[in-house]
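Notes to accompany the following structure.
Remember, it's 1-based here, ligands and their atoms both numbered in the order they're listed.
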Amino acid sequence: MTAYDYDIVIIGGGSGGFTSSALAKGLGKKILIIEKNKLGGECTWSGCVPSKALLKASETVQNLRTAQKFGIEINNIPEKFDGALEYTRNIIQKVYSGETPEIVKEHGIDVKFGDGEFLDSHTFILNGEKIRSRHFIISTGSSPKIIHFNGLENIDYLTNENIFELEKIPESLAVIGAGPIGIEMAQAFRRLGSEVTVIMKHDRILMNDDEEAAMAVMESLAEEGIKFIKADEISELKKENNNILIKIKTQNNTESVAAEKLMLSVGRVPNTKGLSLEKAGVEYSEKGIHVDNTMKTTTPNIYACGDVTGKYQFSHMAEYEAKIAVLNTVLPIKKKADYSSVPWCTFTDPELAHTGMTEEEAKEKHSGNIRVYKHNFKDTDRGKTDSVKSGFCKVICNKKGFILGAQVVGARAGEIIHGIQYLKTLKIPFYKAYTATHIYPTYYDAVKHTAKMCFLDRVSNNFFVKLIKIFKGDK
Ligand SMILES: Cc1cc2nc3c(=O)[nH]c(=O)nc-3n(C[C@H](O)[C@H](O)[C@H](O)COP(=O)(O)OP(=O)(O)OC[C@H]3O[C@@H](n4cnc5c(N)ncnc54)[C@H](O)[C@@H]3O)c2cc1C
């Protein structure tokens, strides 16, 4: 009889937990998922899925509002679109219907619910039951960070955990925080009928992104009527009539923003509380559980993946790390996580997709010895047919044409970046993309043009070409 009830117990049934359990089951392991709340995690209930559904609904409204520029006259467009919230909740249910405990169990994976804790590195106690496992994978995710601004205790504020439960689109919404979560919600609610103000700490939004790319998104959002205010300090929050009054200190002034609803999106905190990680020897800090590049914690049989590690907090990164964690529970030679080509996308309109380094990072790390190739969407024929005003593809390479980073701003940027991502991950020089035939007319033309620039750059810097030019007397 084995001393263990399971080969791997996975704590947390979200993006990381699902990927871990499916892969581990495929490898023939006996698996249990322990979930505190509902299977699916943040991505399904209060993250990727509802935010993308609400953005899609809001894009539909925007298409109605801007139909005139395509010669289409639409009259009497309502001011607010409460139905988008119900649509969003329906989509959540649709996604969840493929992730229920019954379905997971049908795949041979055990599921138990509750709020348990470690007793030691091989034992977890759940609802009074001691569960012994050879390995654990902790994938408990993260929660919205709450900054206790003066007066917050008297305010019914929103976070991503309750904003999708609203029944009505508010008259006005103030969003504190200008990261991807706040910015996506700002645009969705603006398009669905709210007056939106974003209160931000810096001069611009999306501080983890390339400055030029983030500014392009910010300008588009401002054109749609979103107001941006840089606040040095939020000095007070209070209720006034039916509004929330947000008092802020700006560089030379004090200002007040009044809004019916307030959303906080000021960061994330890892879900480590209550797990008694100390008893299992797992070290952590306020940033997350400490893991090495094999996703191993400070205890050899316990791994962690996803938001709880505090690294790149995206579903696809939780999945990536989950695969590494599972494989390392079985492989004798350990697989290592590589963070040099982490892609992400902020799904605003225009979308902002990113991989690798920003232009600023590349300049700094390569002492300015970089090549930057950029082409605007509006200069492609597809951009013209679609009356696109903004957006571009920017690829940053080293002198040999290998990709250091890329940013795509525009329609479907989150899809388009994958072509560049493949080249980067497979270490294929960017100029080779120019040898591929691209379908006309697509937004990919912008990628093709940047690849052409890289190709021509390479040709003109070729030793023999330079030699011929010297013989011909060309400069
Ligand atoms: C509004 C919003 C939009 C987002 N959009 C995107 C996007 O478009 N693309 C993208 O890639 N990422 C997006 N993200 C981020 C993405 O949701 C997370 O990175 C991802 O869900 C992390 O996966 P995870 O497995 O680490 O955690 P989760 O998916 O959150 O899963 C953690 C699970 O652990 C459970 N749990 C917590 N504590 C315990 C405990 N003590 N015991 C047992 N179970 C526990 C939780 O209930 C939860 O089910 C978005 C996030 C937000 C908030």
Any atoms of ligand 1 less than 4.0 Å from a non-hydrogen atom of [X]? List them with their elements.
X    : value
K52  : 5 (N), 6 (C), 7 (C), 8 (O)
N37  : 47 (O)
K36  : 38 (N), 39 (C), 40 (C), 41 (N), 42 (N), 43 (C), 44 (N), 45 (C)
N160 : 1 (C), 53 (C)
G12  : 33 (C), 34 (O), 35 (C), 44 (N)
H316 : 11 (O)

For [atom], what is the nearest protein heavy atom, given as residue, atom name and distance?
atom                    : value
atom 15 (C) of ligand 1 : Q313 O, 3.6 Å
atom 33 (C) of ligand 1 : E35 OE1, 3.7 Å
atom 25 (O) of ligand 1 : G16 N, 2.8 Å
atom 13 (C) of ligand 1 : C48 SG, 3.3 Å
atom 37 (C) of ligand 1 : T140 O, 3.2 Å
atom 52 (C) of ligand 1 : G47 CA, 3.5 Å
atom 31 (O) of ligand 1 : G14 CA, 3.3 Å
atom 16 (C) of ligand 1 : S315 OG, 3.6 Å

Should the heavy atoms of other residues, nucleotides or ligands under 6.0 Å from CZ of R412 be counted, would the total exceed 12? no

Any salt bridge between K311 and E321, counting N to O under 4.0 Å? no

Counting both backbone and side chain atoms, is some N or O of S142 under 3.5 Å from an N or O of ligand 1? no

Has ligand 1 got any nitrogen or oxygen that is less than 3.5 angstrom from a nitrogen or oxygen of K273? no

